[in-house]
Amino acid sequence: MARLAVALSGGVDSTLAAWLLKEAGHELLGLTLDLGSHSQPGLAAAAKAAQELGIAHHVVDVHKAFHNQIVRPSLLAYNQGLTPNPCACCNASVKIPFLLNEARAHGCTGLATGHYARLLNSGSQLFLAEALDASKSQAYFLARLNPHLLPFLHFPLGDKTKQEVRAMALSLGLSAAASKDSQDCCFVPPEGFGALLQRYDKPRPGAIENSQGKVLGSHEGLHNFTVGQRRGLGLSAPRPLYVLRLRAERATVVVGHEEELWQSLVYGRQYLDYGQPMNNEPVSVRLRYARQGIMCKSITHKGGTVALELQTPSKGVAPGQLMVFNQGSMVTGSAFIYRPDDE
RNA sequence: UGGGGCGUCGUCAAGCGGUAAGACCCGGGUCUUUGGAAUCCGUAUUCGUAGGUUCGAAUCCUACCGCCCCAG
């Protein structure tokens, strides 16, 4: 059996993925990323998991790349009124590439991770695809991967449910079985990222206005808001107010009622094309993680941008977030949401 | 001190004689490998105080207390 690298975070998913591969007879090398400041507990958990599995383990220090390519740009994006997608960017430009490089340097033929996603063939082409358990699928966060990397990846959990994984880990007595699901952005400290932001830029306070331009109040920093947000505005009104959009130039937060949040026209840029599968499924788009795809009425490509008309309006579409296109379970492309009139 | 206005949940606030809306904040739950995001539930037996009118008052009347504005 081929020598394979497996990404070990110390959590239940990656540990069980490794176990499954080992059971299948692979010779494994566990790899863990050191992302910098809050990663010590994870490193220890990963080392323990490797020890329990009886596999070799290396730590790869990528804190510089992580910081320069993910942390800093994300914080700056927040300050520009965008809502970045650090996890998707991290998978594509830090996690997977660095792990795969390290894997190759150790003579491994590929890299396995504990993501809930699949790789499916259509015609002669390999596609990234949603996990069998669509509700837990993480293909969304992998949809910025360079398609040339797909043939070297393995997702052993793609046909498992989270429940199965946890139950197996528990019955095997793996200590990772008790680990909590990770959640929230991994680099945000408990105090919030306001403090982190101070290191690169200043918070940008400004006015809170309604869509007619009437000033209703003020806020402490644009980075505290995202489109669709309700809490944190501190304004009392006859009906709840939501953030409709963030105007970067003057750091203005525009608010309005829930019904003003729905939209059918959505624009994306930096389109990444994954190709055309053989199935004839209609194209749907996910405008955020943990939401079902929405059918597209029309899709217009122009340069690297894409203009969509949705069949059913969507609420709280936030510029900066990733849009991921599907045909059936196959991922066919992705782009970053933007508003043409913001330019 | 005269004249006017106002006192309803921690905050903003509806109510205008028929038995306390709503929002914010806060607390708790759900969701979540992006969004200090979303979502759900909870939160004043009581309306500045004391009397009075009424079957019934936060709503009307009287007094007192407090705050604000205009005069001076």
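Below, read A as the first sequence line, B as the second, and so on, with proteins coming before strands; counting in each chain starts at 1.
- Across all strands shown, B/U32 has no partner, as no Watson-Crick or G-U wobble contact with both distances under 3.5 Å is found.
- Between A/Tyr274 and A/Phe127, the gap from one ring centroid to the other reaches at least 6.0 Å.
- Between the P atoms of B/U32 and B/G42, the separation comes to 23 Å (whole Å).
- Residue-level contact check: A/Gln321 touches the bases, meaning some heavy atom is under 4.0 Å from a base atom.
- Protein atom NE2 of A/His257 is 11 Å distant from nucleotide atom P of B/A23, rounded to whole Å.
- B/G28 and B/U33 have their P atoms separated by 22 Å, given to the nearest Å.
- Every residue meeting the salt bridge (Lys or Arg N to Asp or Glu O under 4.0 Å) condition with A/Arg166, not counting sequence neighbours, appears here in chain and number order: A/Asp181.
- Not one N or O on the side chain of A/Gln125 forms a donor-acceptor pair closer than 3.5 Å with the backbone of A/Ser122.
- Atoms CE (A/Met323) and P (B/U34) sit 20 Å apart, rounded to a whole Å.
- Annotation: B/A23 and B/A14 have their C1' atoms spaced 11 Å apart (nearest Å).
- Comparing B/U43 with B/G22, their P atoms sit 10 Å apart, to the nearest whole Å.
- Taking the six-membered ring for Trp and thresholds of 30 and 60 degrees, A/Phe141 and A/Tyr289 have ring planes inclined between 30 and 60 degrees apart.
- In this structure B/U62 sits in a base pair with B/A50, meeting the Watson-Crick or G-U test at under 3.5 Å.
- Contacts between residues 136-146 of chain A and RNA chain B, defined by a heavy-atom separation below 4.0 Å, involve A/Lys136, A/Gln138, A/Phe141, listed by number.
- For B/G2, the paired nucleotide is B/C70, the pair qualifying as Watson-Crick or G-U wobble because both relevant distances are below 3.5 Å.
- Rounded to a whole Å, the CZ atom of A/Arg288 is 13 Å from the P atom of B/A37.
- B/G18 and B/C55 make up a base pair, with Watson-Crick or G-U wobble contacts both under 3.5 Å.
- For the segment residues 68-89 of chain A, the set of residues with a heavy atom within less than 4.0 Å of an atom of RNA chain B comprises A/Tyr78, A/Thr83, A/Pro84, A/Asn85, A/Pro86, A/Cys87, in numerical order.
- Residues passing the salt bridge (Lys or Arg N to Asp or Glu O under 4.0 Å) test with A/Glu249, sequence neighbours excluded: none.
- What separates OH of A/Tyr289 from P of B/A38 is a distance of 19 Å, to the nearest Å.
- Legend: ring pair (Phe, Tyr, Trp, His ring centres under 6.0 Å) pairs involving residues 82-114 of chain A, not counting sequence neighbours, sorted by first then second residue: A/His58-A/His106.
- Counting non-hydrogen atoms under 4.0 angstrom, A/Tyr242 reaches the backbone sugars and phosphates but no base.
- Here the separation of B/A37 from B/C47, taken at their C1' atoms, is 36 Å to the nearest Å.
- Through side-chain heavy atoms spaced under 4.5 Å, either directly or across other Ile, Leu, Val, Met, Phe, Trp or Tyr residues, A/Ile294 is tied to A/Val266, A/Tyr271, A/Val283, A/Val285, A/Leu287, A/Ile299, A/Val306, A/Leu308, A/Leu310, A/Val317, A/Met323, A/Phe325, A/Ile337.
- If you take atom P in B/A57 and the same atom in B/G18, they sit 12 Å apart, rounded to whole Å.
- A/Leu43 belongs to a hydrophobic cluster with A/Val59, counting contacts under 4.5 Å between side-chain heavy atoms of Ile, Leu, Val, Met, Phe, Trp and Tyr, direct or through other members.
- Per the geometry, CG belonging to A/Asp133 stands 10 Å off P belonging to B/U32, to the nearest Å.
- A/Lys297 pairs by the salt bridge (Lys or Arg N to Asp or Glu O under 4.0 Å) definition with A/Glu309, not counting sequence neighbours.
- When the C1' atom is compared between B/U19 and B/U62, the two are found 24 Å apart, to the nearest whole Å.
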Could you go through nucleotides 24-28 of chain B and list every protein N or O atom that sits under 3.5 Å from one of its N or O atoms, giving the distance for each pair?
from	atom 1	to	atom 2	distance (Å)
B/C24	OP1	A/Arg230	NE	2.8
B/C24	OP1	A/Arg230	NH2	3.4
B/C24	OP2	A/Arg230	NH2	3.2
B/C24	O4'	A/Leu235	O	3.4
B/C25	OP1	A/Gly232	N	2.7

Only distances under 3.5 Å count here; give the side-chain donor-acceptor pairs of residues 62-84 of chain A to other protein atoms, sequence neighbours excluded, each with its distance to 0.1 Å.
from	atom 1	to	atom 2	distance (Å)
A/His63	ND1	A/Asp61	OD1	2.7
A/His63	ND1	A/Asp61	OD2	3.3
A/His67	NE2	A/Tyr200	OH	2.4
A/Asn68	ND2	A/Lys64	O	3.3
A/Ser74	OG	A/Ile70	O	2.7
A/Asn79	ND2	A/Asp201	OD2	3.1
A/Asn79	ND2	A/Lys202	O	2.8
A/Thr83	OG1	A/Thr226	OG1	2.6

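- A/Phe225 belongs to a hydrophobic cluster whose other members, connected by ILVMFWY side-chain contacts under 4.5 Å either directly or through intermediates, are A/Ile208, A/Leu216, A/Leu222, A/Leu233, A/Leu235, A/Leu241, A/Val243, A/Leu246, A/Val253, A/Val255.
- With rounding to whole Å, A/Leu216 atom CG is found 17 Å from B/U11 atom C1'.
- Remark: A/Arg288 is not positioned above the aromatic ring of A/Tyr140, lacking an NZ or CZ atom under 6.0 angstrom from the ring centre and at most 45 degrees off the axis.
- As judged by a 4.0 angstrom heavy-atom cut-off over every strand, A/Val243 is placed among residues making no nucleic acid contact.
- Between A/Leu35 atom CG and B/U33 atom P the separation is 17 Å, expressed in whole Å.
- Residues forming a salt bridge (Lys or Arg N to Asp or Glu O under 4.0 Å) with A/Glu220 (at least two apart in sequence, or on another chain): none.
- Per the geometry, CD1 belonging to A/Ile96 stands 12 Å off C1' belonging to B/U33, to the nearest Å.
- Distance noted for atom C1' between B/A44 and B/A13: 14 Å (whole Å).
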